[in-house]
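Inspection log for the structure reproduced underneath, given as structure tokens.
Just so it is clear, the model here is predicted, and its values are computed rather than measured.
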Amino acid sequence: MNRPKCYVESPMGFTPVTNGSYEEVLELLRPVVEPINPFAIAGEKFIPGILEAAGEEKQKRWNEMGKELYRIIKEEANMGFAILNGEPADFGVGCEMGYGYALNDIGYKRFPIVAYREDYRRSGETDNNLNAMALPPYMETGGCFIDRKDQIQEAVGRVALTLST
């Protein structure tokens, strides 16, 4: 098997303030997986048209983008990496994690998710519970949870190795 393709779920690519940090994460992932950057896909194929549209047409284009990103998770990605920083945790990341979990849960394909949260702000979680809805995607898919940037490469690499067994 070639290097697994890893869909990188995050709100960080939406703004120049955090886009640099997102690029750092992609660089950490490249030695162990082939990262799929949904912001590059959306920015090239969808966002310009969405910004030009209005009303129902705009909604239709947002829908087309979402369906394409879900298709990529379903048909191209082998695993996910979810950045859960932010307050509250990003709704889109939750949807993407949930979709990956559902594909795994119904037996469509194995889809482990590595969840990463290094944010000191709290988003409803406690020390014992990141967030009840975020637990199944990484605990029951063969993924894991990490809370330091220096753990990213090792954790993703370890989980990626399980895909070839």
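Residues K74 and K109 approach most closely at O-NZ, 2.9 Å, considering heavy atoms. Considering all non-hydrogen atoms of both residues, G143 and P112 come closest at N-CB, 3.9 Å. Closest of all the heavy-atom pairs between I72 and Y7 is CG2-CD1, 4.2 Å. In plain terms, the two heavy atoms of G80 and E9 that are nearest each other are CA-OE2, 3.7 Å. Between P38 and L69, the closest heavy-atom pair is CB-CD2, 3.9 Å. Here the shortest heavy-atom pairing between M79 and V114 reads CE-CG2, 4.2 Å.
With R110 contributing its side chain and T162 its backbone, the two residues share a donor-acceptor pair below 3.5 Å.
Using cut-offs of 30° and 60° on the angle between ring planes, the pair F81 and Y116 is parallel.
Comment: R61 engages E57 in a salt bridge, judged by a side-chain N to carboxylate O separation of less than 4.0 angstrom.
Using a 4.5 Å heavy-atom threshold, the side chains of F111 and T141 count as separate. Looking at heavy atoms from C-beta onward, Q153 lies out of side-chain contact with L29 at the 4.5 angstrom threshold. In this structure, L28 and V156 have side chains that are not in contact, with every pair of non-hydrogen atoms separated by 4.5 Å or more. Residues Y101 and I106 fail the side-chain proximity criterion, which asks for heavy atoms closer than 4.5 Å. Between C144 and V159, some side-chain heavy-atom pair lies under the 4.5 Å cut-off. Side chains of N37 and E23 form a contact here, defined as non-hydrogen atoms less than 4.5 Å apart. Side-chain contact between E76 and R71: present, with at least one pair of heavy atoms (C-beta onward) separated by less than 4.5 Å.
For the atom pair CE of M97 and CG of L84, the computed distance is 5.5 Å after rounding to the nearest 0.5 Å. The distance from atom CD1 of I50 to atom CE of M65, rounded to the nearest 0.5 Å, is 5.0 Å. Here the CG-CD1 distance, from L26 to I152, works out to 10.0 Å after rounding to the nearest 0.5 Å.
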Exercise for the section: Evaluate the side-chain contact (heavy atoms from CB on, under 4.5 Å) criterion for residues V33 and N78: first the C-alpha distance (whole Å), next the side-chain angles of each, then the deciding distance (0.1 Å), finally the verdict. Expected result: CA-CA 10 Å; V33 293; N78 305 104; over 6 Å; no

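Counting non-hydrogen atoms of neighbouring residues, nucleotides and ligands closer than 6.0 angstrom, the CD atom of E56 reaches no more than 12 such neighbours.
Not a single side chain to side chain donor-acceptor pair (under 3.5 Å) links E64 to another residue, sequence neighbours left out.
Residues in residues 142-153 take part in these salt bridge (Lys or Arg N to Asp or Glu O under 4.0 Å) pairs, two or more places apart or across chains: E24-K149, R148-D150.
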